[in-house]
Amino acid sequence: MVNSRSVLLLVCTVLVVGAICGSDARQDGKRRPCCVAVTNLDMSAEVVGETYRQQAATPPCVKAIIFNTEYGPLCADPNAQWVKDLIASMTRV
């Protein structure tokens with residue numbers, strides 16, 4: 001049985017892949033991943049690794065924190081508390 005978390009993660013991954021294929025967001029002449037939507041649902045359990053990327057809002061891209069998951073990139077709302085908590089735990093020394 002498929003759980004809702006897996007479905008949401010799949011949808012987020014599809015949004016990122018679609019943005020990569022259809023976006024004009026370029027840096028140094030190369031196509032870069034671009035989040036066009038974010039989730040505020042707590043997906044911290046799906047995040048793998050200790051790294052993340054910040055994405056600025058440059059249409060069609062939206063402001064996002066991009067985490068890695070086993071299914072691909074996850075576009076998260078930088079204002080969501082779980083995102084702030086996860087970033088804080090990744091940056092503790």
Side-chain angles (χ1 to χ4, degrees):
M1 188 163 169
V2 177
N3 67 32
S4 61
R5 182 170 278 205
S6 295
V7 172
L8 180 61
L9 190 55
L10 178 62
V11 169
C12 291
T13 301
V14 168
L15 287 173
V16 171
V17 171
I20 292 169
C21 295
S23 173
D24 287 332
R26 293 176 183 255
Q27 183 177 8
D28 302 329
K30 297 178 184 175
R31 205 172 282 273
R32 300 284 183 201
C34 172
C35 297
V36 295
V38 295
T39 183
N40 60 4
L41 181 65
D42 187 344
M43 303 290 286
S44 56
E46 304 296 329
V47 174
V48 296
E50 295 289 321
T51 61
Y52 64 92
R53 288 189 301 118
Q54 294 182 16
Q55 173 181 285
T58 307
C61 307
V62 297
K63 187 174 181 180
I65 300 296
I66 305 171
F67 295 108
N68 293 316
T69 72
E70 118 180 37
Y71 304 103
L74 171 66
C75 301
D77 181 349
N79 296 316
Q81 189 60 50
W82 73 270
V83 173
K84 293 175 183 179
D85 294 342
L86 188 55
I87 290 172
S89 73
M90 290 178 169
T91 56
R92 277 193 201 118
V93 192

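Being a predicted model, the structure only gives us computed values, none of them experimental.
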Asks: Which residues pass the side chain to side chain contact (heavy atoms under 4.5 Å, CB included) test with T51, not counting sequence neighbours?
Replies: N68
Asks: Among all residues two or more places apart in sequence or in another chain, which pass the side-chain hydrogen bond (donor to acceptor under 3.5 Å, both in side chains) test with Q54?
Replies: none
Asks: So, for V36 and P60, which heavy atoms are closest and what is the spacing to 0.1 Å?
Replies: CG1-O, 3.6 Å
Asks: Please state whether the sulfur gamma atoms of C75 and C35 sit closer than 2.5 Å to each other.
Replies: yes
Asks: Restricting to side-chain hydrogen bond (donor to acceptor under 3.5 Å, both in side chains), what partner residues turn up for D85, sequence neighbours left out?
Replies: Q81
Asks: Taking only residues at least two apart or on different chains, which pairs with a member in residues 44-69 satisfy ring pair (Phe, Tyr, Trp, His ring centres under 6.0 Å)?
Replies: F67-W82
Asks: Taking a hydrophobic cluster as the set of Ile, Leu, Val, Met, Phe, Trp and Tyr residues connected by side-chain heavy atoms closer than 4.5 Å, whether directly or through intermediates, do L74 and V48 fall within one such cluster?
Replies: no
Asks: Roughly how far apart are I65 CD1 and N79 CG, rounded to 0.5 Å?
Replies: 9.0 Å
Asks: Which pair of non-hydrogen atoms, one from S89 and one from L86, has the smallest distance, and what is that distance?
Replies: OG-O, 2.8 Å
Asks: Short question: side chain of Q55, backbone of V62 - any donor-acceptor pair under 3.5 Å?
Replies: yes
Asks: Among all residues two or more places apart in sequence or in another chain, which pass the side chain to side chain contact (heavy atoms under 4.5 Å, CB included) test with K63?
Replies: A57, P78
